[in-house]
Colleague: 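What follows is a structure written as structure tokens; I'll ask about it next.
Counting convention: from 1, in listed order, for ligands and their atoms alike.
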Amino acid sequence: MASIIEGYLGKRVDGTKSRMPARLDRWQSWSGLILGLFIVGHMFFTSSILLGQKAMYLESKLFEGSFFLDTPQPILVSISAMIVLILFVIHAALAMRKFPYKWKEYKVLKTHAFSLGHTDTILWMVQALTGFVMFFLGSVHLWMMISIPDKIGPYASADRIYSDHMGWLYTLLMAAVLLHAVVGLYRLSVKWGIGVGSVPREGRRRNKKLMWIALAFFAVMGYSALATYWVSGYHHRDQYGERYRPPSTPLTAHTGDPS
Ligand code: HEM
């Protein structure tokens, strides 16, 4: 906490310039990079439902360790989700240092963004807003993944989305997450000069174009997956709680409990 305060003030107790702001900034970038890449992977993993229920089932068992354990263990999903939650909280705490706390600061930022038409400042504001939304909605989702990791699968997830009404939360969370992750990765590429090349202005423009393409791609894939779970949950509503069993898996198969 003391280091966050020192990082915020930019000065040591003796009044000399602190290196802490730069260090905290680096931590914020690294935690953001890891979370951003996690989200890219996550979107592909949950979208396995587009390949069919069996594909999603096998993939959920993979995360429970089916590739090295005889009996898959949902606790492995809890542990991963706990690590993501810790990273998520650290990243949010570091980002909060830069929020405009006073009305005057906010007005300056808004003028910079809109009156001067500074797109990167607008993108920063989008990140601050989506980060705020994600903190609440993402925490609810992560807590579920930590506490009921055994209830992940083609039927269990579809039941949660349709019958438990989580689909509405996911609709909002997905918009915030995709914007936040894609804009965040673009901002990192500019900050660290990744893929910018020898003409920075052109490189930035190219990366921004890639950012919009990635956003459109993940939005189409993510919302299609969500809609698939939703429709499946609707058809499964009278068998709520029943777990999926892949057609070729005998009751005694070593893939563990069906979900
Ligand atoms: C290790 C941690 C995580 C696990 C195991 C996990 C797992 C899942 C699963 C299984 C679903 C399908 C629906 C369901 O079963 O409820 C899902 C959906 C979703 N998750 Fe996560 N999640 C994790 C972290 C996150 C984080 C950090 C975010 C963003 C803050 C996030 C955002 C979403 C969104 C927006 C959806 C709905 C869209 C979709 O169906 O792809 N998840 N997640």
Colleague: So for atom CH2, which belongs to Trp192, do other residues, nucleotides or ligands contribute more than 12 heavy atoms lying within a distance under 6.0 Å?
Modeller: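 More than 12 within 6.0 Å, yes.
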Colleague: Which ILVMFWY residues are connected to Val231, directly or by a chain of links, through side-chain heavy atoms under 4.5 Å apart?
Modeller: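 Same cluster as Val231: nobody, lone residue.
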Colleague: Measure Ile39 to ligand 1 on non-hydrogen atoms and call it side chain, backbone, both or neither using the 4.0 Å cut-off.
Modeller: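 Answer for Ile39: side chain.
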Colleague: Quick check on the 6.0 Å ring-centre criterion: do Phe44 and Phe218 meet it?
Modeller: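 Close enough - the centres of the two rings lie under 6.0 Å apart.
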Colleague: Heavy-atom distance under 4.5 Å between the side chains of Asp164 and Tyr240, does that happen here?
Modeller: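 Asp164 reaches Tyr240 side chain to side chain.
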Colleague: Which heavy atom of the protein is the closest neighbour of atom 31 (C) of ligand 1, given with residue, atom name and distance?
Modeller: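 Result: His141 CD2, 3.4 Å.
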Colleague: Is there a side-chain contact between Glu64 and Leu69 in this structure, where contact means two heavy atoms from C-beta onward sitting under 4.5 Å apart?
Modeller: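 Sidechains of Leu69 and Glu64: no contact.
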Colleague: Applying a 4.0 Å heavy-atom criterion (strictly less than), which segment of Lys151 is in contact with ligand 1: side chain, backbone, both, or neither?
Modeller: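 Neither part.
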Colleague: So, do Phe88 and Ser139 sit near enough that their side-chain heavy atoms are less than 4.5 Å apart?
Modeller: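 A side-chain contact under 4.5 Å exists here.
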Colleague: Which residue holds the protein heavy atom closest to atom 33 (C) of ligand 1, what is that atom called, and what is the gap in Å?
Modeller: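 So the nearest neighbour among protein heavy atoms is His42 CE1, 3.4 Å.
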Colleague: Would one find an N or O of Ser80, backbone or side chain, under 3.5 Å from an N or O of ligand 1?
Modeller: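 No, Ser80 has no N/O under 3.5 Å of an N/O on ligand 1.
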Colleague: So which bit of Ala81 gets within less than 4.0 Å of ligand 1, heavy atoms only: side chain, backbone, both or neither?
Modeller: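 It is both parts that get close, each with some atom under 4.0 Å.
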Colleague: Yes or no on salt bridge (Lys or Arg N to Asp or Glu O under 4.0 Å) for Lys191 and Asp25, after CA distance, side-chain angles and deciding distance?
Modeller: CA-CA 11 Å; Lys191 191 169 169 184; Asp25 220 42; 3.2 Å; yes
Colleague: For atom 10 (C) of ligand 1, what is the closest protein heavy atom, and at what distance to 0.1 Å?
Modeller: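 Heavy-atom neighbour on the protein nearest atom 10 (C) of ligand 1: Ile152 CG2, 3.4 Å.
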Colleague: Does atom CH2 (Trp27) have a neighbourhood of more than 12 heavy atoms from anything else shown, all under 6.0 Å?
Modeller: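 No.
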Colleague: I'd like to check Gln127 versus His180 (side-chain heavy atoms, cut-off strictly below 4.5 Å). Are they in contact?
Modeller: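 Side chain of Gln127 against side chain of His180, heavy atoms only: contact under 4.5 Å found.
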Colleague: Relative to ligand 1, is Phe63 under 4.0 angstrom through side chain, backbone, both or neither, heavy atoms considered?
Modeller: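 None of Phe63 does.
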Colleague: Measure the distance from atom 36 (C) of ligand 1 to every protein heavy atom, then report the residue, atom name and distance (to 0.1 Å) of the closest one.
Modeller: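 The closest one turns out to be Tyr170 CD2, 3.9 Å.
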Colleague: Going by distance only, is there an N or O of Tyr229 that falls short of 3.5 Å from an N or O of ligand 1?
Modeller: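 It does not: no N or O of Tyr229 is found under 3.5 Å from an N or O of ligand 1.
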Colleague: Taking atom CZ of Phe132 as the centre, does the number of heavy atoms from other residues, nucleotides or ligands within less than 6.0 Å exceed 12?
Modeller: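 Open.
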Colleague: Which residue and non-hydrogen atom of the protein lie closest to atom 3 (C) of ligand 1, and at what distance in Å?
Modeller: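 Nearest protein contact, heavy atoms only, for atom 3 (C) of ligand 1 is Phe38 CZ, 3.9 Å.
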Colleague: Mind running salt bridge (Lys or Arg N to Asp or Glu O under 4.0 Å) on Glu202 and Arg205 for me, showing each step along the way?
Modeller: CA-CA 5 Å; Glu202 264 179 36; Arg205 199 172 305 144; over 6 Å; no
Colleague: Specify the protein heavy atom at minimum distance from atom 39 (C) of ligand 1: its residue, its atom name, and the distance to 0.1 Å.
Modeller: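 Checking every protein heavy atom, the shortest distance to atom 39 (C) of ligand 1 gives Thr46 OG1, 3.7 Å.
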Colleague: Pick one of side chain, backbone, both or neither for how Leu142 approaches ligand 1, counting any non-hydrogen atom pair under 4.0 Å.
Modeller: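 Near ligand 1, Leu142 shows its side chain, while the N, CA, C and O stay back.
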Colleague: Please state which option from Met144, Met82, Met145 has its nearest heavy atom closest to atom 7 (C) of ligand 1.
Modeller: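 Nearest heavy atom to atom 7 (C) of ligand 1 lies in Met145.
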Colleague: If we only count N/O pairs under 3.5 Å, is Arg160 in contact with ligand 1?
Modeller: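 So ligand 1 has an N or O lying under 3.5 Å from an N or O of Arg160.
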Colleague: Looking only at protein heavy atoms, which one is nearest to atom 5 (C) of ligand 1, and what is the separation?
Modeller: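 Atom 5 (C) of ligand 1 sits closest to the protein heavy atom Val77 CG1, 3.8 Å.
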Colleague: Does the residue Tyr223 have a heavy-atom contact with ligand 1, meaning some pair of atoms that are separated by less than 4.0 Å?
Modeller: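 It does not, in that no heavy atom of Tyr223 comes within the 4.0 Å cut-off of ligand 1.
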Colleague: Quick one: look up the protein heavy atom nearest atom 29 (C) of ligand 1 and list residue, atom name and how far away it is.
Modeller: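 Nearest protein contact, heavy atoms only, for atom 29 (C) of ligand 1 is Val177 CG2, 3.3 Å.
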Colleague: Can you sort out which atoms of ligand 1 are near Val84, meaning under 4.0 Å from one of its heavy atoms?
Modeller: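 Result: 1 (C), 27 (C).
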Colleague: Would you mind listing which atoms of ligand 1 come within a distance below 4.0 Å of any non-hydrogen atom of Met174?
Modeller: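 Going through ligand 1 atom by atom, the ones under 4.0 Å from Met174 are 35 (C), 38 (C).
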Colleague: Compare all side-chain heavy atoms of Tyr229 with those of Arg160 and state whether any distance is below 4.5 angstrom.
Modeller: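 Sidechains of Arg160 and Tyr229: no contact.
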